[in-house]
Structure formats: structure tokens, C-alpha cells
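Atoms within a ligand are numbered from 1 in the order they appear, just like the ligands themselves. Values reported hereafter were calculated over all heavy atoms of this structure, with side chains retained and with hydrogens, waters and symmetry mates removed. Just so it is clear, the model here is predicted, and its values are computed rather than measured.
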Amino acid sequence: MESSAPRTAVVWQVLRRELARAGRPLTALDVGGGTGGFAVPLAQAGHTVTVVDPSPDALAALTRRAAEAGVGERVSAVQGDGDGLGDLVPPASVDLVLCHSMLEVVDDPQKVVAALAATLRPGGAASVVVASRAAAVLAKAIGGHLAAASLLVASPDGRGDTRDRLRRRYSAETATELLSGGGLTVEEIHGVRVVADLVPGTVAESEPEALQAFELALAGIPPYRDIATQLHLLARKS
Ligand SMILES: C[S@@+](CC[C@H](N)C(=O)[O-])C[C@H]1O[C@@H](n2cnc3c(N)ncnc32)[C@H](O)[C@@H]1O
């Protein structure tokens, strides 16, 4: 299965453990799964994946990618919205739900989390990636944009100015609260891209293995975890 890229290594490390724990082909759902960066490798590993995404272009690219990888029969593309999951996916029918980089842009994250929790079978797991407010504050400040950094600190949702492409950002605590509110128990939290976006670009090219090892070593350790660009949470339905 993919993924040696330092930028996603920790997410794949957690997912691989979850898949090994199950020890059987799983029924997975990737909400906001886009072009299949996670869905296609999961299908290649023998799992069945449904991707729900509102973008017809992304779904067309997903279908092409799955066919080229020879796993078209294990990947379904469904056009739809996270809020409307209940109408698209039967309740308690999924072993693993992915929701990566999507809760920052939806209208109502609480509603989406409740909907994705409802799709899970008891014991099923949710893999959730959200943008970190702390990382965005530091990135703005390091770039010399102190007013923008202050705005992000003060905003109730971790949103910047009106040009901000994200509607909200999280901390480990607020993301845990969001998932708990949907009836999920958070088991693990890791930082994604603790330093990958901070080191000089040449490091990723010249020392990819060292960078990945460094990312993995720091991902679970606060305060490094908490300044990562994104947070990955593995949560379970009891
Ligand atoms: C930043 S991309 C992330 C793609 C993929 N999950 C990943 O991590 O590589 C965000 C995706 O969320 C989708 N999206 C946006 N609003 C959505 C919504 N309300 N419900 C479901 N998906 C949505 C977009 O079409 C896009 O494919």
C-alpha cells in the first residue's frame, strides 16, 4: 500500500495498523475523498471503498485512477454532500470511514460528524484529518503577517480574513470535542506535517527518508504534534 511520502506517512501508519487489526477486507467510506489519493491504495490492498464527494470532476478523476490501478470494481464514486450522507449510505454499514481535509469547508461539521458516525458499524473506526489553527498562526507570523496571525488567534473558529479558503481550524482539544459530540471515542491523535512545510524544500528532495523518520518520531508528541499543519484523529464507535 502507498505511502512513503513524508507528508502523509503518519496517516498511513495509523491506517495500516487499523487494517491489520481487522485482518479482513473492510467496507470503507471516504467522505470528501476527492480524486482517490486514499481510496485507490485502500482498494489495491483488497478493501472496498465508496467515495462520496460533491465534485463531478474529482469523481471522474477517481474513476479513471481506480480503473488504471485495476481496482475499478472495488471503488464506487457517489456524487453527494457530507451533510446528506444518511440518504446515500445505509446506517451501520461501514467498517472504516475516512474524512480527510473536509470538515474545514462544510456548512455544519457537527452534522457531518453525526452522519459519518451513523454509517459506522459498532466497533468501526473513523480516520479524520483537520487543519490546525496553531500551525496556521505560526505560518502567518513566520511570514511576517502579524495582523493576519492575530486574527487567526482571536477568531472563535480559527478562520482568517474573508479571503481565507477554510471556514475553521482545530486544536487537538476542539477536534476531540467535535468527534465526541458525534458519539465517537478518540483513540489516537497525531500531527501531520510537523516540519514538512517548514524545512527548506531541498530537504524533501535530498533526504526524504530522514524527513519521514523525523515526522513519524515527532507526530505523537506534544507540543510538536500540536504545531503540525494538520491533526489526524483515529476515533471509534462503541
Ligand atoms: C482538500 S480536498 C481533500 C481530498 C481528500 N480527502 C484528501 O485528503 O486528499 C477536499 C475535498 O472535500 C470535498 N468537499 C467539499 N465540500 C464537501 C462536502 N460538503 N461534502 C463532502 N465533500 C466535500 C471537495 O470536493 C474535495 O474533494
Side-chain angles (χ1 to χ4, degrees), residues 1-16 18 28-45 47 49-66 69 75-89 94 96-120 125-133 135-136 139 157-160 163-170 175 178-179 182 190-193 196-197 215 219 228-235:
M1 203 189 310
E2 205 171 307
S3 246
S4 46
R7 298 169 74 84
T8 53
V10 72
V11 178
W12 279 109
Q13 187 181 67
V14 172
L15 285 176
R16 271 195 291 269
E18 181 61 24
L29 170 67
D30 191 350
V31 187
T35 58
F38 281 84
V40 170
L42 283 173
Q44 286 174 305
H47 308 285
V49 192
T50 299
V51 174
V52 173
D53 200 288
S55 162
D57 289 347
L59 293 176
L62 160 75
T63 303
R64 267 198 311 275
R65 194 172 180 175
V75 176
S76 310
V78 176
Q79 191 177 358
D81 200 275
D83 294 287
L85 265 187
D87 300 327
L88 303 170
V89 182
V94 169
L96 174 67
V97 62
L98 274 57
C99 181
H100 293 176
S101 308
M102 192 273 251
L103 292 170
E104 302 89 335
V105 296
V106 297
D107 290 336
D108 186 344
Q110 283 89 359
K111 187 174 169 193
V112 174
V113 168
L116 58 88
T119 69
L120 280 173
S127 166
V128 176
V129 173
V130 291
S132 154
R133 180 206 296 248
D157 294 329
R159 186 177 197 180
R163 289 166 300 171
D164 195 341
R165 64 189 178 82
L166 299 186
R167 298 170 75 172
R168 58 191 73 83
R169 292 177 177 80
Y170 293 90
L178 175 67
L179 299 189
H190 290 94
V192 183
R193 288 149 58 195
D197 298 335
E215 284 286 333
T229 303
Q230 294 172 308
L231 295 164
H232 178 243
L233 294 90
L234 187 81

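- Only the side chain of Val105 comes within 4.0 Å of ligand 1, judged by heavy-atom distances.
- Atom CG of Leu116 and atom CG of Asp30 lie 11.0 Å apart (nearest 0.5 Å).
- The shortest heavy-atom contact between Gly82 and Val112 is C-CG2, 4.0 Å.
- Checked against a 3.5 angstrom limit, the closest N/O atoms of His100 and ligand 1 fall inside it.
- The two residues Ala228 and Gly191 make their nearest non-hydrogen contact at CB-CA, 3.4 Å.
- Checked against Leu85 for a side chain to side chain contact (heavy atoms under 4.5 Å, CB included), the options Thr119, Val94, Val97 give a single hit: Thr119.
- Nearest protein heavy-atom contact of atom 10 (C) of ligand 1 is Ser101 O, 3.4 Å.
- Considering backbone and side-chain N/O of Phe38, none are found under 3.5 Å from N/O of ligand 1.
- How far CG of Leu29 is from OG of Ser127: 11.5 Å, rounded to the nearest 0.5 Å.
- Between Leu62 and Ala39 the shortest heavy-atom distance is CD1-CB, 4.3 Å.
- Set against the non-hydrogen atoms of Val106, the atoms of ligand 1 under 4.0 Å away are 18 (C), 19 (N).
- Note: an N/O pair closer than 3.5 Å links Asp53 and ligand 1 by distance alone.
- Interface atoms of ligand 1 facing Ser55, defined by a heavy-atom separation under 4.0 Å, are 25 (O).
- Atoms of ligand 1 lying under 4.0 Å from at least one heavy atom of Gly34, given by number and element, are 27 (O).
- Considering backbone and side-chain N/O atoms, Gly82 comes within less than 3.5 Å of an N/O atom of ligand 1.
- Taking the six-membered ring for Trp and thresholds of 30 and 60 degrees, His100 and His232 have ring planes more than 60 degrees apart, a perpendicular arrangement.
- Within the 4.0 angstrom cut-off, atom 25 (O) of ligand 1 has one or more protein heavy-atom neighbours.
- The nearest protein atom to atom 4 (C) of ligand 1, hydrogens excluded, is given as Gly32 O, 3.3 Å; this is a heavy-atom distance.
- Not one N or O of Asp30 is nearer than 3.5 Å to an N or O of ligand 1, by distance alone.
- For the pair Arg7 (side chain) and Asp197 (backbone), a donor-acceptor distance under 3.5 Å is absent.
- Nearest heavy atom pair, residue Arg169 against residue Gly160, reads NH1-N, 4.1 Å.
- Proximity of Gly37 to ligand 1 is not established, as no heavy-atom distance is less than 4.0 Å.
- Tested against Arg167, the residues Asp157, Asp108, Asp107 include a single salt bridge (Lys or Arg N to Asp or Glu O under 4.0 Å) partner, Asp107.
- In Met102, the part holding a heavy atom less than 4.0 Å from any atom of ligand 1 is the side chain.
- Shortest contact from atom 23 (C) of ligand 1 to any protein heavy atom: Pro54 CD, 3.3 Å.
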